[in-house]
There are 2 protein chains.
Amino acid sequence: MAVSTAGAGTAADENVDTGGMCPSRLVMEHVTSRWAVLILIRLLERPHRFGELRRSIRSIGQISEKMLARTLQTLERDGFVHRDAKPVVPPHVDYSLTELGHEAAEQIRMLALWSHDRMHQVQKSREMYDAAKGRP
Amino acid sequence: MAVSTAGAGTAADENVDTGGMCPSRLVMEHVTSRWAVLILIRLLERPHRFGELRRSIRSIGQISEKMLARTLQTLERDGFVHRDAKPVVPPHVDYSLTELGHEAAEQIRMLALWSHDRMHQVQKSREMYDAAKGRP
DNA sequence: CAGTATCCGACACGATACTG
DNA sequence: CAGTATCGTGTCGGATACTG
């Protein structure tokens with residue numbers, strides 16, 4: 001496999017430079033990104049509206065509307081999320097997982113469960129590391 | 001529920017300043033980070049020296065020594081990677097997976113394989129999305 | 001060889017304000 | 001309600017030079 005992003009910057013995914021870089025890297029980064037993880041897991045349970053996602057995620061992390069919108073667009077563009085905008089007023093938009101997105105979300109969910117199971121162990125490790133390094 | 005992040009009312013974090021985010025999020029983010037993914041997958045195969053990792057990863061992505069060192073330190077601190085520095089000159093340092101790191105790496109590897117399998121499908125989706133949106 | 005230190009640009013991200 | 005536009009800040013990340 002190959003991977004790489006040209007230039008600096010973390011997620012300059014929007015610029016499509018396939019030169020020397022494996023596309024699978026971008027797929028990975030999109031589904032494992034900070035907010036995509038939380039969105040996918042929520043959509044695994046049921047479809048959500050924009051505001052539902054915003055409130056649900058805000059309860060644990062301060063996602064901004066900008067980032068929620070951007071992440072949803074990325075996921076939609078990649079084919080992980082289906083956007084269903086009903087032509088009514090006020091607007092009503094439902095986000096749901098595609099089959100592809102469901103596959104991704106399942107894996108992300110397993111990783112999230114694992115992270116949750118191991119987090120105390122990791123925290124212990126960090127404390128020991130910091131203690132050994134001496135941080136007064 | 002409470003999958004990706006610790007329980008809902010997890011705001012009680014008087015320890016370190018996690019920015020109000022759940023600890024399991026940090027675990028996730030460390031193992032799914034840009035360079036950690038590549039490092040973990042390589043260490044799954046066998047232990048590597050610093051320079052080996054640098055060269056191996058540079059061949060596909062331009063990781064700098066700074067980021068390689070920083071990522072390795074993070075992984076070591078979290079207890080995913082074991083650092084074995086032999087007291088010789090010139091220095092000889094081996095990095096290997098801990099048992100915990102092995103668990104993480106296996107999952108990351110599965111995700112990477114899945115990403116590789118689906119990347120063409122994702123690319124197709126992106127093309128269709130861009131075409132529909134009209135990207136000049 | 002295995003890092004560390006410094007400079008600096010690029011982007012992620014949150015907060016806020018605004019639109020359809 | 002569902003976004004977009006704009007701004008300021010923090011962090012990521014590469015390049016380069018230096019140390020043990």
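Reminder, nothing fancy here: chain letters follow the sequence lines and each chain counts from 1.
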Atom CG of B:D94 and atom C1' of C:dG3 are separated, to the nearest Å, by 15 Å
Which atom pairs link the protein and nucleotides 6-8 of chain D when you take only N or O atoms and keep those under 3.5 Å?
none

Rounding to a whole Å, what distance do you find between A:I39:CD1 and C:dC13:C1'? 14 Å
Shortest non-hydrogen pair, A:V31 vs A:A104, comes out as CG1-CB, 4.1 Å
Over 12 foreign heavy atoms within 6.0 Å of CD, B:E52: yes
Once you round it to whole Å, what is the distance between P of D:dA5 and CG of A:L68? 16 Å
Among D:dG13, C:dA15, C:dC1, which nucleotide has an atom closest to any side-chain atom of B:R49? C:dC1
d(CD, B:E65; C1', D:dA15) in whole Å: 10 Å
Ignoring backbone atoms, establish whether B:R34 has a side-chain N or O less than 4.0 Å from OP1 or OP2 of D:dG13. yes
C:dA2 P sits how many Å from B:H92 NE2, rounded? 7 Å
Nearest-0.5 Å distance, CZ of residue A:R54 to CZ of residue A:R49: 10.5 Å
CD of B:E52 versus P of C:dC1: gap in Å, rounded? 11 Å
Does some side-chain heavy atom of A:M28 sit less than 4.5 Å from a side-chain heavy atom of B:I108? yes
Any side-chain heavy-atom pair from B:F50 and B:L72 closer than 4.5 angstrom? yes
Does any non-hydrogen side-chain atom of B:Q107 lie less than 4.5 Å from one of A:Q107? no
What pattern of brackets, bars and dots sums up DNA chain D from 5' to 3', given Watson-Crick or G-U wobble pairs under 3.5 Å, [ ] for crossing pairs and | for another strand? ||||||||||||||||||||
I want to check one thing: is the phosphate of D:dC1, taken as OP1 and OP2, less than 4.0 Å away from some side-chain N or O of A:Y95? no
Over 12 non-hydrogen atoms of neighbours within 6.0 angstrom of CE in B:M110: yes
Please report the distance, rounded to the nearest Å, between CZ in A:R54 and C1' in C:dG14. 14 Å
From CE of B:M67 over to C1' of C:dG9, roughly how many Å is that when rounded to an integer? 15 Å
5'-most contact on DNA chain C (nearest-nucleotide basis), A:S64 vs A:P90, goes to A:S64
Side-chain donor or acceptor of B:R42 paired with backbone N/O of B:L38 under 3.5 Å: yes
Take atom NE2 of B:H92 as the centre, draw a 6.0 Å sphere, and report whether it contains more than 12 heavy atoms from other residues, nucleotides or ligands. yes
Map A:P91 and A:I63 onto DNA chain C by nearest heavy atom, then report which one ends up closer to the 5' terminus. A:I63
A:D78 side chain reached by B:R126 side chain, heavy atoms, under 4.5 Å: yes
Which residues, if any, of residues 70-79 of chain B bring a heavy atom under 4.0 Å of DNA chain C? B:Q73
Contact check, side chains of B:K124 and B:Q121, non-hydrogen atoms, under 4.5 Å: no
Per side chain to side chain contact (heavy atoms under 4.5 Å, CB included), A:V81 is matched among A:L43, A:T71, A:T98 by A:L43
